[in-house]
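We name chains A, B, ... by the order of the sequence lines, and we start the count at 1 in each one. Worth saying up front: this structure is predicted, and the values here are computed from it rather than measured.
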Amino acid sequence: MAHDEDNGFAEWGGYFEAKKSKLEEQFAAASDPFRKSNLFAGISIFVNGLTNPSADELKRIMMVHGGTYHHYERPHTTFIIASNLPDVKVRNMDTSKIIAAQWVVDCVQKERVLDYKPYLLYTNQKTTQPRLNFGKSKKEKEANSSTVTICEQVATTTQLEGQLGSILKELQQAALTATSNDVSKPADNTSINATVNGNAARTAVDPAFLSEFYKKSRLHHIATLGAGFKQYVCELRQAHGNKPFGKRAELKSLLPDSLGNDTARYVMHIDMDCFFVSVGLRNHPELRGLPIAVTHSKGGSSATDVPVHPQANRQVELELFAQRFEQHQHDNIRADKVRTGFEEKMSLSEIASCSYEARAKGIRNGMFVGQALKLCPELKTIPYDFEGYREVAFALYDTVAQYTLNIEAVSCDEMFVELTDMLQELQLDVMAFVGHLRQEVRGKTGCPCSAGVGSNKLLARMATKVAKPDGQHLLTTNDAAEYMAATTLDALPGVGHGMTYKLNQAGLRTCGDLQKIAIEQLETLLGKKSAQTIYQNCRGIDLRPLVYEQQRKSVSAEVNYGIRFTKAEECETFLRQLSAEVHSRLLEIKRKTKHITLKIMVRAAEAPVETSKFMGHGVCDNQSKSVVLKQSTDDVNTITSQVLILMRQCEVPPNELRGIGIQLSKLDEPGEEKKENVIKKMFVKMSEKQREKPTLLSTAAPAEPSTKMPAPENPKAKSRPNVLDMLKNASNKKSTVLEAKSQIETKTETPTTKATTSMFHSQFDPEILAQLPEDIRREVLAHKEEYLRSEVGHAKRKSSDNSASSAKRAPPPILPICSPLNASDFLPSTSRAALVKQQERVQRKSYAHANNTPQIVLDCGGWNELEAPSKSAPDCVSAESNNLLLQSNYKDALASWVETEEPLTTDVKLIEFQICELIEMNHFDQIYEVMKYFCRLIKSKRRESCLWHIAYNRIENKIQHRMLETLGYGLSFREAINCANCSAYPQ
DNA sequence: ATCCTCCCCTAC
DNA sequence: TAAGGTAGGGGAGGAT
């Protein structure tokens with residue numbers, strides 16, 4: 001999709017549950033860099049009891065579709081999924097969000113967030129309302145036959161549909177109408193009541209807005225697909241290794257040889273012709289040859305008679321655009337957009353892609369439909385076909401990948417391919433190969449593509465311009481000089497409106513003109529870097545190599561549409577959602593960030609409050625603010641709190657906001673996490689090994705777990721994920737030799753382990769190191785040193801910082817979960833019920849309220865300082881036995897950890913992880929014991945070490961945050977580190 | 001000099 | 001109605 005060619009886009013949501021073609025399976029197997037959809041973004045579920053589909057399946061569906069699955073009900077859980085609950089259970093619950101699992105299934109099937117009300121289990125009417133899926137497209141039906149689980153559900157629904165017929169159709173429509181009326185009523189303020197309503201997610205205030213918007217945003221999909229195919233190429237290359245390309249052989253018999261011994265360099269640029277239109281036309285063959293545009297607008301009267309917002313004023317906005325155009329005269333496109341077809345009632349929907357016939361009439365991608373209709377009243381519009389775009393894009397990539405993987409992905413429909421090596425190996429004629437390839441793409445996709453070939457990327461790209469549409473062209477080095485000289489400057493890659501304007505102002509119009517200019521002159525005009533690039537490019541020189549495996553440098557999520565807040569709370573809620581979104585994208589690429597940037601669009605002072613374009617941003621001023629963290633993070637709370645702080649710093653009234661974006665950059669090195677995990681595993685592995693040693697001597701079958709654990713061995717335990725598996729899954733990296741043995745098994749405690757070693761020991765076992773392959777060994781050692789240096793240095797710097805000047809330091813970040821709550825907010829009846837239950841379970845004694853935050857006061861009482869625990873056996877089994885802090889020797893481990901001079905962050909994180917697991921398992925008693933013991937250890941052994949104090953406080957903080965987050969209350973620890981030197985250290 | 005932040009530009 | 005995202009590159013100007 002060259003920018004003058006196609007800006008079109010593919011809708012993406014709901015794609016994966018669509019039929020799985022072979023290509024797609026291949027793709028998924030490669031590791032699925034794509035979110036299947038964002039359908040459930042901002043929506044969380046908690047599954048209570050048995051459901052159909054099962055909790056596991058629902059979890060999978062939520063994850064795959066951008067939702068959140070809560071293992072425990074939390075105050076902000078959007079829905080509770082259940083099939084039926086005992087009355088006694090229900091009595092204490094807020095039934096307004098208990099719905100049937102079928103809702104999830106139906107949403108996936110309909111590819112939109114449906115009104116949940118018909119799925120309520122407990123309503124006044126007592127019965128769930130009949131539901132129908134009418135107007136189901138052929139595609140949707142196909143889609144459903146893909147996933148087995150969903151398939152069954154759908155079959156039921158479809159049968160039902162058949163039986164109930166049109167009467168129920170009306171019934172449902174009535175139900176939907178009723179619902180939308182409900183929305184306007186002031187409901188109680190839980191967000192789900194606001195509008196989790198099929199098609200009414202109009203502004204960013206609606207919790208379903210984000211997913212709805214992303215589902216329909218062409219630009220979002222263009223970007224996501226582009227990134228996805230870059231990743232895809234990496235994966236294909238890694239999977240392929242050094243294997244030969246089987247498909248090359250048959251080329252030899254099909255195609256003519258090259259003339260003589262051709263050693264020239266050949267780079268191919270291949271690009272689909274008006275991508276979206278071509279794909280769309282496969283379903284509308286009758287429209288071939290006509291002026292076509294892909295757009296959301298339905299065309300006809302809906303494009304020429306659009307409702308006008310009473311407060312919008314196109315005239316004012318147009319003048320404002322004109323005024324700004326005067327200031328930035330280069331922005332021709334935008335000015336042009338407003339110049340025609342901007343009067344009342346003309347559609348302001350944008351054209352994603354238009355056919356060559358439409359282009360002949362002056363229609364361009366990105367133009368408003370209204371404007372286009374003025375140029376060409378007979379313009380036909382066709383809808384997006386997201387499924388088709390992806391299918392075609394995969395076919396394109398896979399076709400090329402049969403012959404070579406020297407591919408630089410540019411976007412979903414465009415790439416550079418280095419052909420030199422392959423052509424020399426086979427002695428093939430280059431254009432014969434290109435023709436063959438294009439034919440194959442055409443055959444597989446039914447869509448035309450064009451290809452250009454040259455001795456570098458620039459010339460290949462220029463050749464494609466000549467080739468289009470549906471053609472191919474070789475721009476030889478001999479022709480290049482002449483061709484370039486005649487080319488206008490705006491045709492050069494990287495030269496857009498702004499630069500074209502500047503250059504034109506200087507009297508430069510073509511590359512030929514530019515070739516006569518001294519580089520110094522160009523540098524004053526454009527800046528050093530741009531000048532150098534364009535200086536070379538206008539001569540046909542392009543030194544950039546093809547980049548096959550591209551490395552992400554930032555992740556971002558932004559929304560500049562539908563942003564209309566009336567209250568600060570609405571804005572905050574949306575910022576949280578967007579933070580969660582960008583966070584999940586960060587997790588997807590398995591990186592961490594150090595730099596968080598908030599970008600906002602603010603209504604220009606003179607601009608009308610309501611925009612001409614429905615829910616558009618109108619004329620705005622932009623701003624951005626950023627913060628650099630001391631340490632890389634992938635923690636959603638950190639990101640969210642920083643974003644909230646940045647927004648506060650902007651001091652913009654929420655009602656003036658028209659766009660919001662969050663960008664994460666300064667990403668850590670990929671693979672760093674892997675290294676860290678290797679180290680974590682080393683620690684654990686060591687303790688395992690050390691503890692195994694004596695066992696090896698005394699037991700015949702060392703692989704067998706010891707039977708000393710009080711908890712009975714669960715036969716399933718081995719197949720369940722343990723901590724290390726979870727760590728492994730979290731990193732999802734290639735396995736290392738360590739993995740094979742890295743299961744934590746139940747251990748026999750022996751006297752030798754006590755004093756000499758622990759899982760926290762900071763030295764690596766040379767024996768284990770020796771077993772590692774050389775490269776990993778080097779990596780581990782190198783990383784260990786670097787790690788020790790940076791962590792310790794960092795902590796030291798921080799603590800001395802603290803003693804030096806605390807006044808200068810910014811206030812500690814306000815974590816979102818700490819924002820003020822109303823007393824009624826933090827203990828909704830549901831979580832109160834859960835709380836009561838937990839109280840019974842662990843025999844808690846009382847509530848305490850402090851700082852408006854309810855806390856559970858734990859008092860397990862009765863054990864002496866540093867005494868071995870009286871009981872450590874959990875009353876539940878299986879996965880729990882893998883938690884290090886539930887092992888009988890956890891105290892020894894802690895004790896010998898505290899023996900080491902300084903705590904490593906890796907170990908602190910490991911403990912945090914383990915404790916978070918305990919929270920998940922409701923082992924508050926154990927948390928309390930661990931922390932009490934840990935605190936006393938530090939007090940007795942590390943009284944002077946602020947590094948240890950900080951470590952303790954960090955862990956406690958983590959516990960409180962997690963507790964608040966998951967259960968809505970904190971834990972009150974009786975013991976605390978009170979160190980005058982570091983107590984003010986912000987966590 | 002070199003870096004950083006806050007932009008702007010460009011591409012698809 | 002409409003779905004104006006996302007990533008990379010780089011420049012201006014201030015901080016160090």
> Categorize A/Q551 for me: base, sugar-phosphate, or nothing, with a 4.0 angstrom heavy-atom threshold over every strand shown.
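Result for A/Q551 = sugar-phosphate.
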
> 5'-most contact on DNA chain C: A/V308 or A/S530, nearest heavy atom basis?
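Here A/V308 is the residue nearer the 5' end.
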
> Would you say A/K553 reaches C/dG9's phosphate, i.e. side-chain N/O to OP1/OP2 under 4.0 Å?
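Answer yes for this pair, as a side-chain N or O of A/K553 is under 4.0 Å from OP1 or OP2.
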
> I want to check something: taking the side chain as every heavy atom from C-beta on, are A/I563 and A/F574 in contact at a cut-off of under 4.5 Å?
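SC-SC contact between A/I563 and A/F574 confirmed.
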
> Which part of the nucleic acid, if any, lies within contact of A/G370, taking any heavy atom under 4.0 Å across all strands shown: a base, the sugar-phosphate backbone alone, or nothing?
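Since no nucleic acid heavy atom lies under 4.0 Å of A/G370, the category is nothing.
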
> How long is the line joining OH of A/Y389 and P of B/dC12, in whole Å?
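Interatomic distance, OH of A/Y389 to P of B/dC12: 18 Å.
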
> Look at A/N622 and B/dC6 and indicate whether a side-chain polar atom (N or O) is within less than 4.0 Å of OP1 or OP2.
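Answer no for this pair, as no side-chain N or O of A/N622 is under 4.0 Å from OP1 or OP2.
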
> According to a strict under-4.0 Å criterion, is A/T224 in side-chain N/O contact with OP1 or OP2 of C/dT6?
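Indeed not, no polar side-chain atom of A/T224 lies that close.
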
> Across the strands shown, which category fits A/M601 at heavy-atom distances under 4.0 angstrom: base, sugar-phosphate, nothing?
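The residue A/M601 makes no contact with any strand.
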
> Between B/dC9 and A/K502, is there an OP1 or OP2 to side-chain N/O distance shorter than 4.0 Å?
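So the side-chain polar atoms of A/K502 never come under 4.0 Å of the phosphate oxygens OP1 or OP2 of B/dC9.
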
> Determine the contact category for A/K528: base if any of its heavy atoms lies under 4.0 Å from a base atom, sugar-phosphate if only primed atoms, P, OP1 or OP2 are that close, otherwise nothing.
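Result for A/K528 = sugar-phosphate.
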
> Heavy atoms from C-beta onward define the side chain here; which of B/dC12, C/dT1, C/dG4 lies closest to that of A/P307?
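Nearest to the side chain of A/P307 among the choices is C/dT1.
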
> Nearest to the side chain of A/K625, heavy atoms from C-beta on, is which of C/dA2, B/dC6, B/dC12?
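Among the listed nucleotides, the one closest to the side chain of A/K625 is B/dC6.
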
> When you check the phosphate oxygens OP1 and OP2 of B/dC6, does a side-chain N or O of A/T597 lie under 4.0 Å from one of them?
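So the side chain of A/T597 is outside the cut-off, no N or O lying under 4.0 Å from OP1 or OP2 of B/dC6.
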
> Check whether any side-chain nitrogen or oxygen of A/Y384 sits under 4.0 Å from OP1 or OP2 of C/dA3, and answer yes or no.
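For C/dA3, OP1/OP2 do not have a side-chain N/O of A/Y384 under 4.0 Å.
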
> Please check if any side-chain donor atom of A/S450 sits under 3.5 Å from a side-chain acceptor atom of A/D271, or the reverse.
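Result is no, nothing qualifies.
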
> If you compare every side-chain N and O of A/S349 against the phosphate oxygens of C/dT1 (OP1, OP2), does one of them come in below 4.0 Å?
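For C/dT1, OP1/OP2 do not have a side-chain N/O of A/S349 under 4.0 Å.
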
> Please determine whether a side-chain nitrogen of the Lys or Arg among A/E408 and A/K457 lies less than 4.0 Å from a carboxylate oxygen of the Asp or Glu.
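A salt bridge is present here (some side-chain N lies under 4.0 Å from a carboxylate O).
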
> Indicate whether the side chain of A/D621 and that of A/Q623 have a donor and an acceptor atom separated by less than 3.5 Å.
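Looking only at side-chain atoms, A/Q623 and A/D621 do not form any donor-acceptor pair under 3.5 Å.
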
> Round to the nearest Å and state the distance from A/F368 atom CZ to C/dA2 atom C1'.
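So the two atoms are 11 Å apart, to the nearest Å.
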
> At less than 4.0 Å, is any side-chain N or O atom of A/R202 found next to OP1 or OP2 of C/dA2? Yes or no.
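Checking C/dA2 against A/R202, no side-chain N or O comes under 4.0 Å of OP1 or OP2.
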
> Measure CZ/A/R658 against P/C/dA2 and give the value in whole Å, please.
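Distance check: A/R658 CZ to C/dA2 P gives 17 Å.
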
> Can you check whether A/R585 has a side-chain N or O nearer than 4.0 Å to OP1 or OP2 of C/dT6?
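Indeed, a polar side-chain atom of A/R585 lies that close.
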
> Side-chain N or O of A/S556 versus OP1/OP2 of C/dA7: is the shortest distance under 4.0 Å?
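So the side-chain polar atoms of A/S556 do come within 4.0 Å of the phosphate oxygens OP1 or OP2 of C/dA7, strictly under.
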
> Would you indicate which nucleotide in C/dG4, C/dG5, B/dT10 comes nearest to any side-chain atom of A/E558?
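The answer is C/dG5.
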
> Could you give the CG-to-P distance, from A/N560 to B/dC8, as a whole number of Å?
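Atom CG in A/N560 sits about 13 Å away from atom P in B/dC8.
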
> Counting the atoms with a prime plus P, OP1 and OP2 as sugar-phosphate, which does A/Q663 contact under 4.0 Å by heavy atoms, base, sugar-phosphate, or nothing?
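Answer is nothing: A/Q663 stays at 4.0 Å or more from every strand.
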
> Counting side-chain heavy atoms from C-beta on, which of C/dA3, C/dA2, C/dG8 comes nearest to A/V306?
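Comparing C/dA3, C/dA2, C/dG8 against the side chain of A/V306, the answer is C/dA2.
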
> For A/H617 and C/dG4, is the gap between ring centres under 5.5 Å while the planes differ by less than 30°?
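Stacked: ring centres under 5.5 Å, planes under 30°.
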
> Taking the minimum atom-to-atom distance to the side chain of A/H220, which one of C/dT6, C/dA2, C/dA3 wins?
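Per side-chain heavy atoms of A/H220, the pick is C/dT6.
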
> Which nucleotide sits closest to the side chain of A/S626: B/dC7, B/dT5, B/dC12?
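Comparing B/dC7, B/dT5, B/dC12 against the side chain of A/S626, the answer is B/dT5.
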
> Would you indicate which nucleotide in C/dG10, C/dA2, C/dT6 comes nearest to any side-chain atom of A/A223?
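For the A/A223 side chain, the nearest candidate turns out to be C/dT6.
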
> If you check every side-chain atom of A/F213, which of C/dG11, C/dG4, C/dG8 has the closest atom?
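Nearest to the side chain of A/F213 among the choices is C/dG4.
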
> Between A/L526 and A/T611, name the one whose nearest nucleotide on DNA chain C is closer to the 5' end.
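On the 5' side of the pair lies A/T611.
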
> So with a 6.0 Å cut-off around CZ of A/R544, is the heavy-atom count from everything else above 12?
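Buried by this count: over 12 neighbours within 6.0 Å.
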
> What about the rings of A/H296 and A/Y384, do their centers lie closer together than 6.0 Å?
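Yes, the ring of A/H296 comes within the 6.0 Å limit of the ring of A/Y384, centre to centre.
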
> Between B/dT10, B/dT5, C/dA7, which one does the side chain of A/M499 approach most closely?
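Of the options given, the side chain of A/M499 lies nearest B/dT10.
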
> Please pick, from C/dA3, C/dT6, C/dT1, the nucleotide with the shortest atom-to-atom distance to any side-chain atom of A/S217.
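Per side-chain heavy atoms of A/S217, the pick is C/dA3.
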
> I'd like to know if A/E350 and A/R218 make a salt bridge, using a cut-off of under 4.0 Å between side-chain N and carboxylate O.
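Looking at A/R218 together with A/E350, the answer is yes, because their closest N to O distance falls below 4.0 Å.
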
> Check whether any side-chain nitrogen or oxygen of A/R552 sits under 4.0 Å from OP1 or OP2 of C/dT6, and answer yes or no.
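Checking C/dT6 against A/R552, no side-chain N or O comes under 4.0 Å of OP1 or OP2.
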
> For A/G562, report the nucleic acid contact type (base, sugar-phosphate, nothing); a contact means any heavy atom under 4.0 Å.
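The residue A/G562 makes no contact with any strand.
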
> Going by distance alone, is a donor N or O of one side chain under 3.5 Å from an acceptor N or O of the other, for A/Q536 and A/Q532?
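No - no donor-acceptor pair under 3.5 Å links their side chains.
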
